[in-house]
Amino acid sequence: MLLDVREVAKGYEAGAGRLQVFSDVSFRLDAGEAVALTGESGSGKSTLLHLCAGLDRPDEGQVRLAGQDLAPLDDRARAALRRESVGLVFQQFNLIPSLNVSANLSFQARLAGRADAAWLEQLAARLGLSPLMDRYPEQLSGGQQQRVAIGRALAGRPRLILADEPTGNLDAATGDAVMALLLGLVAETGAGLLMVTHSERLAARLERRLHLAGGGLA
Amino acid sequence: MYRAALLALLSHWRRQPLQLASVLVGLALATALWSGVQAINGQARASYDRAAGMLGQDRLPQLVAEDGQRFSQDVYVALRRGGWRISPVLEGQWRQGETRLRVIGIDPVTAPQTPGGGGAAQADGDLRAFLTPPGIAFGAAETIAALQDVPGLPALRVADDSLPGTLIMDIGIAQTLLAAPGQVSRLIVLPDQPLRQTPLQDVAPGLTRRAPQAEADIARLTDSFHLNLTAFGLLSFAVGLFIVHAAIGLAFEQRRAMFRTLRALGLPLVALTRLLVAEVLILSILAGLAGMALGYLVAAALLPDVAATLRGLYGAEVPGTLILRPGWWAGGMAMAVLGAGAAAAQSLWRVWRLPLLAPAQPRAWVRATTRSLWRQVAIAGALALVALGAARFGTGLLAGFILLGALLMAAALALPAVLAALLAGAARAGRGVLARWFWADTRQQLPGLSLALMALLLALAANIGVGTMVASFRLTFAGWLDQRLSAELYVSAETEEQAARLRAWLATRPGDLLPLWSVEVPLFGAPATVQGIADHPTYRRNWPMLSALPDVWGRVASGEGALINEQLARREGLVPGDPLILPDGGRMIIAGVYSDYGNPRGQVMIAVDRLTALFPDVARLRHAVSIAPESAPVLAHALIDDFGLPEDNVSDQAAIKVFSMGIFEQTFAVTAALNILTLGVAGFAILTSLLTLSAMRLPQLAPVWALGLTRARLAWLELARALMLTALTMLVALPVGLLLAWALLAVVNVAAFGWRLPMHVFPADWLRLGALALLAGGLAAAWPAWRLARTAPADLLKVFAHER
């Protein structure tokens with residue numbers, strides 16, 4: 001079992017009182033499985049994704065990643081787990097603007113101390129980034145930036161890819177192309193994928209779907 | 001992990017070289033001005049220490065005459081016979097023409113082994129030549145070089161540890177040179193005295209034992225001067241730190257998204273913080289090294305002026321060549337590192353507290369929310385109260401500097417709120433859509449520019465304050481010189497015999513001869529001068545009296561009254577009517593207090609007859625001649641041609657005024673230089689702020705451009721904005737500067753020098769400074785404006801394409 005989420009609940013302090021985002025959420029994700037996480041705006045999709053990545057802590061319940069319960073881990077241990085086992089893809093790309101494509105692509109792998117030059121070269125070629133390696137993020141289009149972000153997430157061969165609306169900022173054609181690349185590469189590496197999306201069409205391309213609604217999984 | 005993350009963090013600077021330059025140059029300038037001042041102070045203090053350390057002056061107890069005068073060496077012999085282990089020293093001024101020297105005579109056999117002391121002769125190994133006429137005199141290389149052609153001196157040799165302007169020789173040779181046969185100035189009490197010795201009172205009742213001094217006299221006298229320099233150095237450092245704070249803060253803000261990404265990708269918070277601390281450390285070391293090199297150049301450039309000032313004002317000799325000490329390096333680097341740490345502390349704290357899921361978009365650097373503005377105003381108010389308290393209840397130099405610091409910081413902190421209020425008023429009054437946009441946009445820019453404007457305010461206020469003080473001082477000093485130098489001619493004889501002939505010669509010619517005779521005595525525990533004054537109408541008419549008893553001149557002439565200078569009156573809390581007891585036991589009444597600018601010592605004036613009665617050995621060499629101005633040149637020529645007085649020994653009033661004003665100008669040359677440098681640093685702060693902000697301006701300017709304003713017009717508006725903000729800052733700086741001037745004149749000067757000056761205002765100087773500030777602001781804004789005017793439309797369009 002790669003990801004095991006059990007009876008998780010999360011809420012926030014709002015001005016007037018506490019806003020419960022969701023509760024009693026449980027699901028599992030196996031290695032090599034690609035799962036879509038859908039729901040209305042504000043249903044807590046990104047929040048759930050953050051809990052799975054160890055970026056935030058649940059109010060209740062348990063999140064286990066690669067057999068490891070995240071609850072007792074401190075910031076240092078969570079960070080180590082993320083850099084070694086998780087690849088993150090954000091809607092806003094979140095590339096490091098002062099590093100060129102090459103450095104951005106290899107960044108997380110180097111952070112984890114396992115950069116593989118051949119794999120990086122292969123990734124760049126697959127993602128169509130080879131001619132762009134010396135460019136900086138500001139010199140790339142949105143689609144190109146997201147391809148770099150996907151490459152960065154996969155460069156360290158993580159066990160789990162967590163993607164938060166990876167095509168949300170791209171037009172339909174570019175989004176489709178990026179999605180095809182992501183799914184293809186995830187399948188190749190045998191990683192698990194949990195992807196937040198608004199798009200029914202994209203969700204349908206994945207093996208399974210989790211739908212957040214009314215404060216829990218529908 | 002660390003390497004990859006550090007490279008990512010540092011890559012920001014590679015892409016933002018201007019920001020990197022801001023941090024490095026800002027910190028280097030701050031360190032340079034601070035360390036430059038410290039190098040000068042360190043050099044001077046080391047010289048004082050050497051002067052004091054010479055012959056154990058400060059480290060060993062001494063026997064001195066109760067009246068401070070020389071005494072017979074027979075007393076020395078008697079004490080030696082009584083079991084005292086002591087060493088005699090004769091000290092005095094030797095003059096020949098324009099050459100003035102401090103001569104120290106020692107007994108090389110008994111002198112303590114201290115730098116420049118007996119060790120000099122013994123180390124040389126030529127004791128016989130040292131002891132027997134013409135003897136050997138040791139001095140600093142520059143002194144020896146200057147004395148090569150001066151006759152009447154022993155053979156000259158260089159001793160590296162000697163002070164400039166001082167010669168050390170055998171006491172017998174010195175007695176001949178100083179015309180003090182059989183005389184000594186003091187006896188150094190050596191360590192390890194025998195258990196049995198005749199009591200001092202039995203052998204030498206006229207002598208008293210002086211304990212080792214914690215601090216040399218000259219160090220005490222010059223403390224306030226060095227404190228002023230230090231304060232200026234600190235102000236420059238603070239202004240420099242504003243640049244560093246702004247640049248580091250902006251760099252941190254721009255990297256907020258990167259920090260979040262790094263953490264999301266697996267970099268622990270502790271590691272990120274460590275890396276950022278390391279980054280600040282690396283930057284501060286680089287900038288610190290550059291700053292120290294620059295500081296050395298600043299110190300080397302300013303030192304000759306400072307040395308001349310210290311010599312002219314205090315008679316303190318400081319070598320004009322800079323020697324760098326390890327402590328200076330360590331102190332300067334520590335200031336650079338601590339300064340950078342202080343500038344980065346707030347940003348580091350924010351990173352430490354930054355929630356992992358905080359919004360990644362960089363927010364405007366120090367967005368001035370109403371709450372933060374009010375908080376700043378509240379702190380400014382509290383500091384203003386501190387300043388008020390220091391002015392009202394504080395005493396001494398420390399209170400003076402607390403007043404200055406609190407005043408400046410209060411003004412700086414209040415500036416953004418004041419400017420925001422002024423801009424809000426302008427926005428309300430503005431007509432037309434463009435004017436309204438301009439004022440509103442200017443208010444929006446204020447947070448990003450406020451640190452640079454605060455630095456400018458500090459520099460301008462310091463400029464106005466110090467400028468007003470110096471100009472007030474100059475005006476008062478010139479007027480005071482006119483009063484004080486009422487005689488037309490001032491003449492000095494070389495010997496007592498020549499002086500007697502001179503008096504007789506002048507008695508047969510028109511004009512009145514006024515003695516200028518004085519002795520140095522210890523008074524209230526500090527060195528002071530007692531001067532004789534003749535009862536003459538020129539003094540009664542012109543002497544600059546601050547307060548006096550009725551019939552003050554009658555009291556002085558009768559020998560019953562004495563005049564004291566303002567410094568002595570303030571230091572000892574003396575007022576007219578108080579009794580005054582001179583060291584020789586002479587009792588009199590303080591009849592008046594007079595202003596005596598530029599003199600760090602206490603001074604007492606008594607009737608010349610009383611002076612000669614109390615101090616029969618007083619040198620009677622100097623005289624003033626009161627004569628009709630048109631007759632003065634004729635008499636001056638006659639003194640030289642007919643009487644045969646050397647030309648250097650005759651000065652007219654104008655020459656002395658020129659000389660005195662020269663010393664005055666030199667005293668404040670360093671202050672003026674630091675003032676200009678500080679203003680330059682503030683100008684640089686504006687430039688860096690505008691440049692770094694210009695990159696963030698495009699999203700704000702692009703819509704206005706799209707709506708129909710040309711890039712050139714936008715650029716002109718940017719320039720106008722910078723000039724307008726500079727002008728407003730100058731307006732705020734004016735009252736702050738005047739308050740600063742008042743504090744300097746009424747509080748700091750009184751505490752530091754012992755005199756209070758009337759304050760004058762100089763509006764023409766303000767206009768000049770305002771023009772200079774506008775020029776600095778305009779120059780700083782010109783480049784960013786030019787870049788804006790040249791921005792390609794494609795770059796502006798990216799704002800709308802969300803591709804930035």
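In what follows, chains carry the letters A, B, and so on, assigned in the order in which the sequence lines appear, proteins first and then strands, with residues in each chain numbered from 1.
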Novice: Out of B:Ser11, B:Ala271, B:Ala4, which one racks up the most heavy-atom pairs below 4.5 Å with chain A?
Specialist: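 Option with the top pair count is B:Ser11.
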
Novice: Heavy-atom pairs under 4.5 Å with chain B: which of A:Leu88, A:Val86, A:Leu111, A:Asn104 has the most?
Specialist: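 Ranked by heavy-atom pairs under 4.5 Å with chain B, first place is A:Leu111.
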
Novice: Has the side chain of B:Arg255 got a donor or acceptor atom that lies under 3.5 Å from a matching backbone atom of B:Met258?
Specialist: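 Flag not set: sc B:Arg255 to bb B:Met258 has no pair under 3.5 Å.
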
Novice: Going by an N to O cut-off under 4.0 Å, is there a salt bridge joining A:Asp59 and A:Arg18?
Specialist: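 Salt bridge: yes.
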
Novice: Non-hydrogen atoms of chain B under 4.5 Å away: do they reach the side chain of A:Arg152, the backbone, both or neither?
Specialist: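 When you check distances to chain B, only side chain atoms of A:Arg152 fall under 4.5 Å.
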
Novice: Taking the six-membered ring of B:Trp13 as reference, does the cationic atom of B:Arg15 (NZ for Lys, CZ for Arg) lie under 6.0 Å from its centre and within 45° of its axis?
Specialist: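 So B:Arg15 doesn't make the cation-pi contact.
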
Novice: Would you say the side chains of A:Gln91 and A:Asp164 form a donor-acceptor pair under 3.5 Å?
Specialist: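 No pair is found: no donor N or O on one side chain lies under 3.5 Å from an acceptor on the other.
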
